[in-house]
Each structure stands twice: as C-alpha cells, then as structure tokens.
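The block underneath contains the structure these notes are about, expressed in structure tokens.
This is a predicted model, so every value here is computed, not measured.
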There are 2 protein chains.
Amino acid sequence: MEKSIRKRHTECSSMMMPVRDTLDVISGKWKLMILISISAGNKRFREIERSIPKINSKVLAKELKDLEEHKLIKRTVFDDYPVLIEYTILPYAESLGDVIKALSDWGINHRKYIHGE
Amino acid sequence: MEKSIRKRHTECSSMMMPVRDTLDVISGKWKLMILISISAGNKRFREIERSIPKINSKVLAKELKDLEEHKLIKRTVFDDYPVLIEYTILPYAESLGDVIKALSDWGINHRKYIHGE
DNA sequence: GTAAGCAGTTACCTAAAGGTAAGCAATAAC
DNA sequence: GTTATTGCTTACCTTTAGGTAACTGCTTAC
C-alpha cells in the first residue's frame, strides 16, 4: 500500500532551475567576457574585439546580438558622419555583477589551490 | 615619438582571466546540476541520475570523472557485498556555494523580469 | 525463474558552437 | 593614391558537447 512512496532520490530540481536559467543567458565562451569588456569602458565594436584575446568578429557580432535581445546591452547608432556605433551596459546587466564577482573570486582562489597549497 | 601609445581599447584581461578559469571548471550543461544534487544528499550513481531530469548515464559518468579530477567530489568504493559506491562533495567544492548562490539569485530575478515588471 | 536494480561502458550519431578567411562600402590618415 | 579603420557579413569547415540505445556482470526482490 505504500510501495511507490519509496525514496528513490532527494528532490532538488527547484534548486537547479534558476541556475539553469542563468546559464542559458550567459552560456558560451564569450558572453561574460564581452560584458566585462563593455563594463570596463569599451564601447565600439573594434575596441571590444581588440580587448578580448582570440575572439573573432563573427562570434562577437553574434554574441552582441544575443546580449541585446536579452536586454543586457544597448546598441546605439549616432548618425553623424561617419556613423558611429556604441554598445553600453544596461542597468539590468549590472545585477550580473554579483555573478561575475563570485566567478572571479572563485577563479582566483582556484588558481592558488592548484599551484601549491 | 608617441605613436604606439595610442589607446586602442581599455585593458581588461586581468578581470577576464579568473572568470574564464572558473568557467573552465564548471563548464557544460551538467556539472553544477550534479554538484547541487550531491549537495542535496544524493550519493549513489543511480540516485544522482534520477534526480537530474534528462541526464543520461554516459554524460553523468563522464562529468563525475571530471569533477573528481578537479577535486570537487570524491568517489568512495565500499567493498562490502555487493560493492557500493558513493559520491561526496569535498570541502573545497563547498566554496562554490557562493557561485551557485549568485547564479541562482540572478536566475530567480531574471524570471520575474521576463514575465512582467 | 524472471524482472529489476546496481555502476557504469561502448559504438554511433546529431546539432550546435566556434574558428578561418575573405570581402564590403565608406571615410580618414600618410 | 595606397593603406588603414570601421562595423560588420558570408561561406565554409572543424571541433566539441551531448544524446540514443544497447549491453555488461553481479545481486536482490517477487
């Protein structure tokens, strides 16, 4: 009478869901790097490209579009001559600061942990 | 006499490196889910497998090996009969708690942000 | 005695991510 | 007048991650 109540594992999907949601937005090798670069003050396409070692324009263009769709950055066209395009961080993306901080802190620590200690 | 000093972008690789280091360790769709599951109390292979929707044994086996190599979890063999195998979180991996918390918080917020508000 | 659970492994395949190299039209710099 | 810079795009190719399904030897439950 109580055979399907047998515990087969501990439920934890409610903890996994929000983490997965975030990873879906910042997934890939480049998105966080781009956000860091723009936060650091780089605004122009080529500027951002130069600031991120090994990235290429195809990938950068695609990721910038993704980030714009997710409302993390804004693309502004200044119609002077010649046209000038600027990317800026939206306030909403600044909330990713905590995520970046956590990842960064752990990375610094991990490096120490691996080399000695 | 000062032509190569022209600023071509703002340097930020020192901020990107540690983030990249962390991502290298927890990269992929499954590693954080596995850590969350084990932290929640799942220890056995099949238990972990059942607790993570849509994962399959091939991927799980591979990721568990990765996590072990990175010293985030420990695989213990109890040589009773039948053999019993348990995975446990190592103290070092607990430091990933902040990362998981940050990712989770942001995910929860993002969900609100997307649906209304 | 048959089915199910354990902890995986193997071979095979698909899809997505990412890289390479070239090119475009416009302007500005040497 | 050639070269560089800007913000991309396109076609093509390689690599990697991940998924499917079947199967192993052993054990326990029905």
A/R50 side-chain N/O to D/dG7 phosphate OP1/OP2 under 4.0 Å
no
Quick test: give all pairs of protein nitrogen or oxygen and nucleotides 28-30 of chain D nitrogen or oxygen below 3.5 Å, distance rounded to 0.1 Å.
none

Hey, are the side chains of A/V99 and A/L103 touching, using non-hydrogen atoms and a 4.5 Å cut-off?
yes
B/D79 CG to D/dT27 P, straight-line distance once rounded to whole Å:
12 Å
Which pair of non-hydrogen atoms, one from A/S37 and one from B/C12, has the smallest distance, and what is that distance?
CA-SG, 3.8 Å
My understanding is that a pair needs two contacts under 3.5 Å, Watson-Crick or G-U wobble. By that rule, which nucleotide pairs with C/dG23?
D/dC8
For B/Y92 and A/H110, test the side chains for any donor-to-acceptor distance below 3.5 angstrom and give the result as yes or no.
yes
In whole angstrom, what separates A/L60's CG from C/dG18's P?
13 Å
Whole-Å gap separating P (C/dG5) and NE2 (A/H9)
14 Å
What is the distance, to the nearest angstrom, from the CD atom on A/E49 to the P atom on C/dG19?
12 Å
Establish, with yes or no, whether the OP1 or OP2 oxygen of D/dA4 is under 4.0 angstrom from a side-chain nitrogen or oxygen of B/R8.
no
Whole-Å distance separating the CZ atom of A/R75 from the C1' atom of D/dC8:
9 Å
Do B/H70 and B/E68 have a side chain donor and acceptor closer than 3.5 Å?
no
Check whether any side-chain nitrogen or oxygen of A/Y87 sits under 4.0 Å from OP1 or OP2 of D/dT6, and answer yes or no.
no
OP1 or OP2 of C/dC6 less than 4.0 angstrom from a side-chain nitrogen or oxygen of B/R44, does that happen here?
no
Suppose the criterion is salt bridge (Lys or Arg N to Asp or Glu O under 4.0 Å): which pairs have a residue in residues 84-99 of chain B, not counting sequence neighbours?
none
A/K31 (side chain) donor-acceptor with A/S27 (main chain) under 3.5 angstrom
yes
Testing A/N42, A/I52, A/I73 one by one against A/I34 for a side-chain contact (heavy atoms from CB on, under 4.5 Å), which residue passes?
A/I52
Run the side chain to side chain contact (heavy atoms under 4.5 Å, CB included) check on B/V25 and B/L72 step by step: do they pass?
CA-CA 10 Å; B/V25 176; B/L72 295 174; 3.8 Å; yes
Write down the distance between CG (B/L64) and P (C/dC6), rounded to a whole number of angstrom.
15 Å
Decide whether a cation-pi geometry holds between A/R20 and B/W30; the criteria are a distance under 6.0 Å from NZ or CZ to the six-membered ring centre and an angle within 45° of the ring axis.
yes
Restricting to nitrogen or oxygen on both sides, can you table the protein-nucleotides 18-25 of chain D pairs closer than 3.5 Å?
| from | atom 1 | to | atom 2 | distance (Å) |
| --- | --- | --- | --- | --- |
| D/dG18 | OP1 | B/K29 | N | 2.8 |
| D/dG19 | OP1 | B/K29 | NZ | 2.8 |
| D/dG19 | OP2 | B/W30 | NE1 | 3.1 |
| D/dG19 | N7 | B/K58 | NZ | 3.4 |
| D/dG19 | O6 | B/K58 | NZ | 2.3 |

How long is the line joining CG of B/D66 and C1' of C/dG8, in whole Å?
16 Å
Output the rounded distance in Å from CD1 (A/I48) to C1' (D/dC8).
13 Å
